[in-house]
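Report on one structure; see the data block that follows.
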Amino acid sequence: MTQVRLDEAATSAPGPERKSIVERLFELRARETTVGREVRGGVTTFVAVAYIVLLNPLILGASADITGAKLSAAQVTTATALAAAVMTVLMGLVGNAPLALAAGLGINGIVAFQMAPSMTWAQAFGLVVLEGVCIVLMAVSGIRERIMNAIPGPLKLAITVGIGLYIALVGLVSAGFVTRTPDAAHSTVPVRLGMDGHLDGWPIAVFCFGLLLMTVLVSRKVPGAVLISIAAATVLAVVLHDGFGVGDWGLTTPTLPDSAVASPDFGLLGQVDLFGGFARAGALTATIFLFTLVLSGFFDAMGTITSVSAEAGLSKNGRVPRMGRILFVDGAGAIAGGLTGSSPNTVFLESAAGVGEGARTGLASVVTGLLFGATLLFTPIAGIVPAQAAAPALVVIGGMMVAQCRNIPWNDPDYTIPVFLTVALIPFTYSITNGVGAGLIAFVLIKTFRGKWREAGWILTVLALVFTVYFGIDVVKAIL
């Protein structure tokens, strides 16, 4: 009898509390969050990032490859949603970080406007896959994390600001709000307002309407402000086109499809030629493209991961938990972007929107990724959104990124010129890599000639030399 009571007591005695699978995967209690907050944060991030499903087809579809072939909007939309869904879920499960991944703005411009005209789309996406392999190897070896830690904070902020100006300029140009002067080589004004120095036409009016609406909604912190504005501007464009016959919309005509729901078009999936670009464009040119992709993908993600993680309170002594895994998934995103035909995928700064709603773990990323997956059924909708309706998102989000200027130590002579060169050259040259390279070279030179070369460190010195070779590539070609 005594033995039975002892057994019963042992059975009923409190033991270690069992953790649910969600708790084990995402450490909700350790990060002082709940399932509800993570779900809310994940939905908010999706709403803030989902515009890329509409914009990426516009950017990639604006260029033709060397054969004159253009990408199908439906196929690019499917590829964009698929890659974003898979990689964002993977970030949640592996990196346990509230970071969404999707086709990177700026990097997709490199693929569309610099690479595609020199090779086929399959060959361009092959180089994207190779870029991802390079970044993954750098992440696994620890080199990428060491480089990230070596870049000074002000230069990281400058990269974010420069990218903000860059994507804002892309938005203004794609909408026709800003155009290139036809005889720019002999003109003192390389770009101008509208087509002839002033704004004219209903398509521009749609852009202005969308931009003003988005500005108001964002300033009032209305959830889904970006998507609401894109949808409202698209409805206006459809009414103008289908109801009143307004034309001159550019690449995408806003007309209603036969059905809003359709099966995803996976036509780009696996259409990759890994090494064909080296034969088509030449070994040296293809290597330069690959080098540019690696540098752009590397530095695009660097500032985003650091800033969003800090805002989420995940940084400890300036270091982010599971950074190695986060960097690995980010590198794998480039591989996924190449294999799906969506261009390199990278972490999105708009993930901060979800963090602001309480996201602290990878559970939020899983929610965001699943919502991206759901968009696969609505690819026909992308075909009705003109650039004039989607471009305001680039301008507004670019403005948000430029707000990081307030944290830059402009009065520090070690940073003033390097930061300025980084911020200015990214939009002025339409290249993230150019701005980053110029800033790093200037920083190392200033430190060296002020007798502080040890503060620059050997990693930044090597990077400065690499960028010097990059900028002097024509000289290298002549020598070789």
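Scope of the values below: all heavy atoms of this structure, side chains included, with no hydrogens, waters or symmetry mates. Computed from a prediction, not measured in an experiment: that's the story for all the values here.
- At a threshold of 4.5 Å between non-hydrogen side-chain atoms, the residues Ile21 and Leu25 count as touching.
- With sequence neighbours left out, the side-chain contact (heavy atoms from CB on, under 4.5 Å) criterion links Phe113 to Ile59, Ala62, Ser63.
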Mind running side-chain contact (heavy atoms from CB on, under 4.5 Å) on Trp410 and Cys405 for me, showing each step along the way? CA-CA 9 Å; Trp410 291 103; Cys405 272; 4.2 Å; yes

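- When all heavy atoms of Gly331 and Ile135 are compared, the closest pair comes out as CA-CG2, 3.5 Å.
- Between Phe289 and Ser118, some side-chain heavy-atom pair lies under the 4.5 Å cut-off.
- Looking at Ser342, its side chain never comes within 3.5 Å of a backbone N or O of Thr80 through a donor-acceptor pair.
- Side-chain atoms of Thr34 and Val39, non-hydrogen and from C-beta on, never get closer than 4.5 Å to each other.
- With values rounded to the nearest 0.5 angstrom, Phe467 atom CZ is found 11.5 Å from Leu465 atom CG.
- Here the closest non-hydrogen pair linking Ala175 and Ala391 is CB-CB, 3.9 Å.
- Remark: side-chain polar atoms of Arg360 are paired, donor with acceptor, to backbone N or O of Val355 under 3.5 angstrom.
- The side-chain contact (heavy atoms from CB on, under 4.5 Å) search around Leu130 returns Leu127, Leu274, Phe275, Phe278, Leu290, not counting sequence neighbours.
- Within the structure, ring-ring contact (aromatic ring centres under 6.0 Å, His included) contacts touching residues 343-372 (residues at least two apart or in different chains) are Phe46-Phe372.
- Sorted by first and then second residue, the salt bridge (Lys or Arg N to Asp or Glu O under 4.0 Å) pairs with a member in residues 38-56 read Arg40-Glu357; sequence neighbours excluded.
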From CA spacing to verdict: side-chain contact (heavy atoms from CB on, under 4.5 Å), Leu327, Ile305: CA-CA 9 Å; Leu327 295 176; Ile305 294 172; 3.8 Å; yes

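- In this structure, Ser174 OG and Leu169 CG are separated by 9.5 Å, a value rounded to the nearest 0.5 Å.
- To the nearest 0.5 Å, atom CG of residue Leu293 and atom CE of residue Met115 are 4.5 Å apart.
- Considering only residues two or more places apart in sequence or on other chains, Glu455 meets the salt bridge (Lys or Arg N to Asp or Glu O under 4.0 Å) condition with Lys447.
- A salt bridge links Arg322 with Glu27: the closest approach of a Lys/Arg side-chain nitrogen to an acidic carboxylate oxygen falls below 4.0 angstrom.
- Nearest heavy atom pair, residue Thr340 against residue Leu268, reads O-CB, 3.4 Å.
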Let's go through Asp65 and Gln123 carefully: what are the C-alpha distance in whole Å and the side-chain angles of both, what is the deciding distance for side-chain contact (heavy atoms from CB on, under 4.5 Å) to 0.1 Å, and is it a yes or a no? CA-CA 10 Å; Asp65 68 9; Gln123 291 163 352; over 6 Å; no

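- Every residue two or more places apart in sequence or in another chain that forms a side-chain contact (heavy atoms from CB on, under 4.5 Å) with Pro418 is listed here: Leu155, Ala442, Phe443, Ile446.
- Checked against Val35 for a side-chain contact (heavy atoms from CB on, under 4.5 Å), the options Thr361, Val367, Leu363 give a single hit: Leu363.
- A 4.5 Å side-chain heavy-atom check between Ile408 and Tyr415 finds every atom pair outside the cut-off.
- Residues Met87 and Val329 meet the side-chain proximity criterion, which asks for heavy atoms closer than 4.5 Å.
- Nearest heavy atom pair, residue Phe207 against residue Gly171, reads CE1-O, 4.4 Å.
- Counting only heavy atoms from C-beta outward, the side chains of Ile230 and Met214 approach each other to under 4.5 Å.
- Val423 is linked by a side-chain contact (heavy atoms from CB on, under 4.5 Å) to Ala158, Val161, Leu165, Val419, counting only residues two or more places apart in sequence or in another chain.
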Show me the side-chain donor-acceptor pairs of residues 393-402 shorter than 3.5 Å, one per line, residues at least two apart or across chains.
none

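- Contact of the Ile151 side chain with the Leu463 side chain is registered, since non-hydrogen atoms from C-beta on lie closer than 4.5 Å.
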For side-chain contact (heavy atoms from CB on, under 4.5 Å), just list the numbers for Gln271 and Trp121, CA-CA rounded to whole Å, side-chain angles, deciding distance to a tenth of an Å, and then say yes or no. CA-CA 8 Å; Gln271 299 299 312; Trp121 286 109; over 6 Å; no

Please tabulate, for side-chain N and O atoms in residues 90-110, each donor-acceptor pair with protein atoms closer than 3.5 Å (sequence neighbours left out).
unit_1, atom_1, unit_2, atom_2, d
Asn96, OD1, Gly362, N, 2.8
Asn96, ND2, Phe26, O, 3.3
Asn108, OD1, Gly106, N, 3.1
Asn108, ND2, Asn56, OD1, 3.0

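- The list of ring-ring contact (aromatic ring centres under 6.0 Å, His included) pairs with a residue in residues 146-169, not counting sequence neighbours, reads Tyr166-Tyr430.
- Taking Arg146 as the reference, nothing meets the salt bridge (Lys or Arg N to Asp or Glu O under 4.0 Å) condition, with sequence neighbours excluded.
- Using a 4.5 Å heavy-atom cutoff, the side chains of Leu460 and Pro152 are in contact.
- The OG1 atom of Thr234 sits 10.0 Å away from atom CD of Gln388, with the distance rounded to the nearest 0.5 Å.
- Checked against side-chain hydrogen bond (donor to acceptor under 3.5 Å, both in side chains), Thr346 has the following partners two or more places apart in sequence or in another chain: Asp330.
- Considering every non-hydrogen atom in both Val111 and Ala124, the closest pair reads CG1-CB, 4.4 Å.
- Rounded to the nearest 0.5 angstrom, Ile147 CD1 and Met138 CE are separated by 4.0 Å.
- The CG atom of Leu339 lies 10.5 Å from the CG atom of Leu82; values are rounded to the nearest 0.5 Å.
- Looking at every heavy atom in both residues, Ile426 comes nearest to Gly162 through CG2-O, 3.3 Å.
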